[in-house]
There are 2 protein chains.
Amino acid sequence: MLSLTEENYLKAIYHLSEGGSKAVLTNALAEAMSTKAASVTDMIKKLSAKEVITYEKYYGVNVTAKGKSEALMVIRKHRLWETFLVDKLGFAWDEVHEVAEQLEHISSPRLIEKLDEFLGYPKVDPHGDPIPDSKGKIKVQPLIPIDQLPVGFHGKVAAVKDSDSNLLKYLDKIGARPGIKIKVLGKEEYDESMEILINDHRVFISKAVSQNILVVG
Amino acid sequence: MLSLTEENYLKAIYHLSEGGSKAVLTNALAEAMSTKAASVTDMIKKLSAKEVITYEKYYGVNVTAKGKSEALMVIRKHRLWETFLVDKLGFAWDEVHEVAEQLEHISSPRLIEKLDEFLGYPKVDPHGDPIPDSKGKIKVQPLIPIDQLPVGFHGKVAAVKDSDSNLLKYLDKIGARPGIKIKVLGKEEYDESMEILINDHRVFISKAVSQNILVVG
DNA sequence: ACTATTTTTTAGGTAAGTCTAAAAAATATA
DNA sequence: TATATTTTTTAGACTTACCTAAAAAATAGT
Ligand SMILES: [Mn+2]
Ligand SMILES: [Mn+2]
Ligand SMILES: [Mn+2]
Ligand SMILES: [Mn+2]
């Protein structure tokens, strides 16, 4: 149905529309896809013809119900493969994203159901991101980056941003993994750095780090 | 280096050149790729430019050392994935080929080494085909289809042809799997059908079946 | 309200991989 | 050897996904 490229565009549109209720704009999508606005306009016409998005000229695009379902299937595959790579093959969590970007396009409903079963029907991927079930149902929890939390807050790490490999390496080093207890010990107004208690260790982290550690809101 | 399409052409050329020492002809390749001769001519120019084959106009192509190595890596991936699907995910051996055709193009040296380790460094895939090692070394045993064997021969099934899903379903039903003992009980000259002893059962099989069951020559 | 700037779309073009139809080369036949 | 047939290549065209440059629409500034 959708080509590999179309799947990637649709996934990007879905992610950009998460949270915000506004339409996804051409330039934002071009930025996300590392491509040019003209290419985006070409592609959104195709996706619109395939009825996975609605498109109004100059006003951006919205994902349809059909499109959301297809996007969630790609995301399901991505996160199941990441889980496989970490849990079964022993990959580090900072090594899986690029490979999962390829594996998410393998087309075989049977494969993904068998993989899900093999992994024990995981609810979240190695970075704490929820895995949509076979019907496309996803548990959306509002997550808050810890840089926005007050001093004294304590809870558990729910997820981390999985975009940057070097960030993930550092988060792993300080023990900031999903499920780990975390407490905000202090905040520095000047540079928005903070001191946290994690894994029974006091750690100072900059905002560049703290905005990538998420707790349930 | 090579695109998905180029990988598929190269693999087909490699398979067509196996056994025979002659150059692979345009029409044979077109047939194997389910495409037209004109498309093949275009592609072999590209593969020749990338030095994975040598090409002489009107006389066909040959795989270079570099090309053989690249083809064997694709075949290695295909067979490791088939083994994963059967051994770990519980696929039947007639269900894996199409999915492996997709998975063989995933590009990640680390992934394939980890997968090999996870599977316990298998020597053959579910159909008995040898899996090239990480250096591209493959154990080539001369295999003979049992329709060419004399009455009275006994040995073990080494491999089966994995091309047709319905054939594989039937072979599985009569128990013709790699490693199973087999004996030729009788041959009928008229239609080249034969009676074999397999799995302690006498089975009559037509040539269409017997030419797809292979033993070590 | 009228420019100026930014954003988006359109126009036209490229590369990969495919096709059909026609030309060229190789092979088979008489 | 000359002709007929088969095989292969070339020519020209289509689709997908991309690009640059120019036009059009929307937004911002005065
Ligand atoms: Mn990821
Ligand atoms: Mn992830
Ligand atoms: Mn196969
Ligand atoms: Mn096989």
Side-chain angles (χ1 to χ4, degrees), chain A residues 1-17 20-63 67 70-71 74 101-102 104-107, chain B residues 1-14 16-17 20 22-63 67 70-71 74 101-102 104-107:
Chain A
M1 207 77 239
L2 296 183
S3 72
L4 186 149
T5 309
E6 288 168 342
E7 281 189 349
N8 282 333
Y9 269 92
L10 180 59
K11 188 166 58 110
I13 294 167
Y14 175 81
H15 282 311
L16 286 171
S17 68
S21 60
K22 291 165 302 224
V24 173
L25 302 179
T26 301
N27 272 353
L29 192 46
E31 165 76 21
M33 295 299 295
S34 304
T35 187
K36 297 298 157 68
S39 305
V40 168
T41 302
D42 282 348
M43 181 54 80
I44 63 189
K45 284 176 185 169
K46 281 185 220 160
L47 291 175
S48 180
K50 293 195 175 182
E51 297 182 318
V52 292
I53 60 172
T54 54
Y55 167 45
E56 208 185 334
K57 259 190 189 178
Y58 294 100
Y59 285 95
V61 301
N62 286 97
V63 181
E70 299 219 30
V74 178
E101 283 293 308
Q102 296 180 61
E104 72 186 6
H105 302 291
I106 302 294
S107 171
Chain B
M1 206 79 235
L2 296 183
S3 73
L4 186 148
T5 310
E6 288 168 341
E7 282 189 347
N8 281 334
Y9 269 92
L10 180 59
K11 186 166 57 113
I13 295 167
Y14 174 81
L16 287 170
S17 68
K22 290 164 303 217
V24 174
L25 302 179
T26 301
N27 272 352
L29 192 46
E31 166 76 21
M33 295 299 295
S34 303
T35 186
K36 298 299 158 69
S39 306
V40 169
T41 302
D42 283 347
M43 181 54 80
I44 62 188
K45 285 175 184 169
K46 280 184 221 162
L47 291 175
S48 180
K50 293 194 175 182
E51 298 182 316
V52 291
I53 59 172
T54 54
Y55 167 47
E56 208 185 332
K57 260 191 189 177
Y58 294 101
Y59 285 95
V61 301
N62 285 98
V63 181
E70 299 218 29
V74 178
E101 284 293 309
Q102 296 181 59
E104 72 187 7
H105 302 290
I106 302 293
S107 170

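Letters go in sequence order (proteins before strands), and every chain restarts at 1.
When heavy atoms are screened at a 4.0 angstrom cut-off, A/T26 is found touching the sugar-phosphate backbone but no base atom. Nucleic acid contact for A/T5: sugar-phosphate only, since backbone atoms but no base atoms lie under 4.0 Å from a heavy atom of the residue.
For A/H105 and D/dA17, the NE2 to P distance is 12 Å, given to the nearest whole Å. Taking atom CG on B/N8 and atom P on C/dA16, their separation rounds to 17 Å, with Å as the unit. We find that CE of B/M33 is positioned 16 Å from P of D/dT8, with the value rounded to whole Å. One atom, CD of B/E31, and another, P of D/dT7, lie 12 Å apart when rounded to the nearest Å. As a whole-Å value, the separation of A/Y58 OH from C/dT8 C1' is 5 Å. Taking atom CD of A/E56 as the reference point, atom C1' of D/dA26 lies 13 Å away to the nearest angstrom. Here D/dT27 presents its P atom at 10 Å from CG of A/L25, a figure rounded to the nearest Å. Whole-Å rounding puts the B/E6 CD to C/dG17 C1' distance at 10 Å.
Mapping B/S39 and A/D42 onto DNA chain D by nearest heavy atom places B/S39 at the nucleotide closer to the 5' end.
Residue B/K36 places none of its side-chain N or O atoms closer than 4.0 Å to OP1 or OP2 of C/dT18. Taking only side-chain nitrogens and oxygens, B/Y9 comes nearer than 4.0 Å to OP1 or OP2 of C/dT18. Remark: B/Y55 is not in phosphate contact with D/dT8, judged by side-chain N or O atoms under 4.0 Å from OP1 or OP2. Side-chain nitrogen and oxygen atoms of A/S3 include none within less than 4.0 Å of the OP1 or OP2 phosphate oxygen of D/dT16. Under 4.0 angstrom from either OP1 or OP2 of C/dT8 there lies at least one side-chain N or O belonging to A/N27.
With D/dT8, D/dA26, D/dA11 as the choices, the nucleotide that has an atom nearest any side-chain atom of B/A38 turns out to be D/dA11. Of the listed nucleotides (D/dC18, D/dT9, C/dT8), D/dC18 has the atom at the smallest distance from the side chain of A/T35.
Taking OG of A/S107 as the reference point, atom CG of A/L4 lies at 11.0 Å (rounded to 0.5 Å).
More than 12 heavy-atom neighbours from other residues, nucleotides or ligands sit within 6.0 angstrom of CD on B/E101.
When atom types are taken as modelled, the side chain of B/K50 and the backbone of B/M1 share a donor-acceptor pair closer than 3.5 angstrom.
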Just list the side-chain donor-acceptor pairs under 3.5 Å for residues 26-48 of chain A, sequence neighbours left out, or say none.
from  : atom 1 : to    : atom 2 : distance (Å)
A/T41 : OG1    : A/A37 : O      : 3.2

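Listed by residue number, B/K45 are the residues of residues 43-53 of chain B with a heavy-atom contact under 4.0 Å to DNA chain D.
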